[in-house]
Amino acid sequence: MPTESLAQKHCVPCKGGTPALKGAALQSLASEVPQWTVVHEHQLERVFKFSDFVTALAFVNKIGEIAEAEGHHPDLELGWGRVAVKIYTHKVDGLSESDFILAAKIDALPSR
């Protein structure tokens with residue numbers, strides 16, 4: 001039976017005291033979202049490029065809908081023709097599986 005992809009999973013609220021992902025566990029999940037950069041084993045980052053501001057803004061709104069549905073909210077930076085996304089789990093001050101799930105769901109969005 002094939003395993004469930006990250007984009008098919010749902011974010012799970014993190015409980016206090018849960019350790020942030022590190023090392024091999026982190027790298028295994030990172031390999032499933034190769035367009036994202038893992039920064040200092042603390043956060044995921046990706047910049048999306050667009051032809052204009054309106055398209056970039058529409059993409060931000062699509063991310064917002066996913067974030068609300070999943071109960072997991074990224075940091076977003078909107079500019080003309082670009083959207084920068086940073087994801088990490090605040091409760092663990094680092095990365096959890098939910099961060100990779102959200103990244104995969106964002107990757108699945110039509111970006112144009």
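The analysis underlying the following values was restricted to heavy atoms, covering all of them including side chains, and did not include hydrogens, waters or symmetry mates. Starting from 1, each residue takes its place in the sequence as its number.
Going from atom CD of E32 over to atom CD of Q27 covers 12.0 Å, rounded to the nearest 0.5 Å. Atom CD1 in I101 sits 7.5 Å away from atom OG in S96 (nearest 0.5 Å). To the nearest 0.5 Å, atoms CD (E45) and NZ (K86) are separated by 6.5 Å. From I106, atom CD1 reaches atom CD of E70 across 10.0 Å, with rounding to the nearest 0.5 Å.
The aromatic rings of F48 and W36 sit perpendicular to each other, their planes meeting at more than 60°, with 30° as the lower class boundary.
In plain terms, the two heavy atoms of G79 and A56 that are nearest each other are O-CB, 4.1 Å. Scanning all heavy atoms of the two residues, the minimum distance from Y88 to L95 falls at CA-CD2, 4.3 Å. Residue P74 comes nearest to I63 through the heavy atom pair CG-CG2, 3.8 Å, listed as atom of the first residue, atom of the second, then distance. The minimum heavy-atom distance linking K105 with I66 is given by the pair O-CD1, 3.8 Å. Taking each heavy atom of D99 and G94 in turn, the nearest pair found is OD2-O, 3.7 Å. Here the closest non-hydrogen pair linking H72 and I87 is NE2-CG2, 4.1 Å.
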Next item on the list: Might you work through the side-chain contact (heavy atoms from CB on, under 4.5 Å) test for V38 and L44, ending with a clear yes or no?
Entry: CA-CA 5 Å; V38 176; L44 294 173; 3.6 Å; yes

Note to self: Evaluate E97 against L29 for side-chain contact (heavy atoms from CB on, under 4.5 Å), listing each step before the verdict.
What the structure shows: CA-CA 7 Å; E97 183 182 35; L29 286 168; 4.3 Å; yes

Check: Is there a side-chain contact (heavy atoms from CB on, under 4.5 Å) between V47 and E77 once you walk through the steps?
Finding: CA-CA 9 Å; V47 175; E77 180 185 309; over 6 Å; no

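With a 4.5 Å cut-off on side-chain heavy atoms, F59 and V54 do not count as touching.
Taken together through direct or relayed side-chain contacts under 4.5 Å among Ile, Leu, Val, Met, Phe, Trp and Tyr, F50 and W80 form part of one hydrophobic cluster. At a threshold of 4.5 Å between side-chain heavy atoms, the hydrophobic network of Ile, Leu, Val, Met, Phe, Trp and Tyr places V92 and V39 in two separate groups. A single hydrophobic cluster is seen to contain both V60 and L102, as judged by linkage of ILVMFWY side chains at heavy-atom distances under 4.5 Å, directly or through other members.
Judged purely by atom type and a 3.5 angstrom limit, K62 uses its side chain to pair as donor or acceptor with the backbone of P110. Remark: side-chain polar atoms of Q35 are not paired, donor with acceptor, to backbone N or O of R46 under 3.5 angstrom. Of the possible polar contacts, one joining the S31 side chain to the S28 backbone as a donor-acceptor pair under 3.5 Å is found.
For the side-chain contact (heavy atoms from CB on, under 4.5 Å) test with V83, the passing option among L57, T55, L78 is L78; the others fail.
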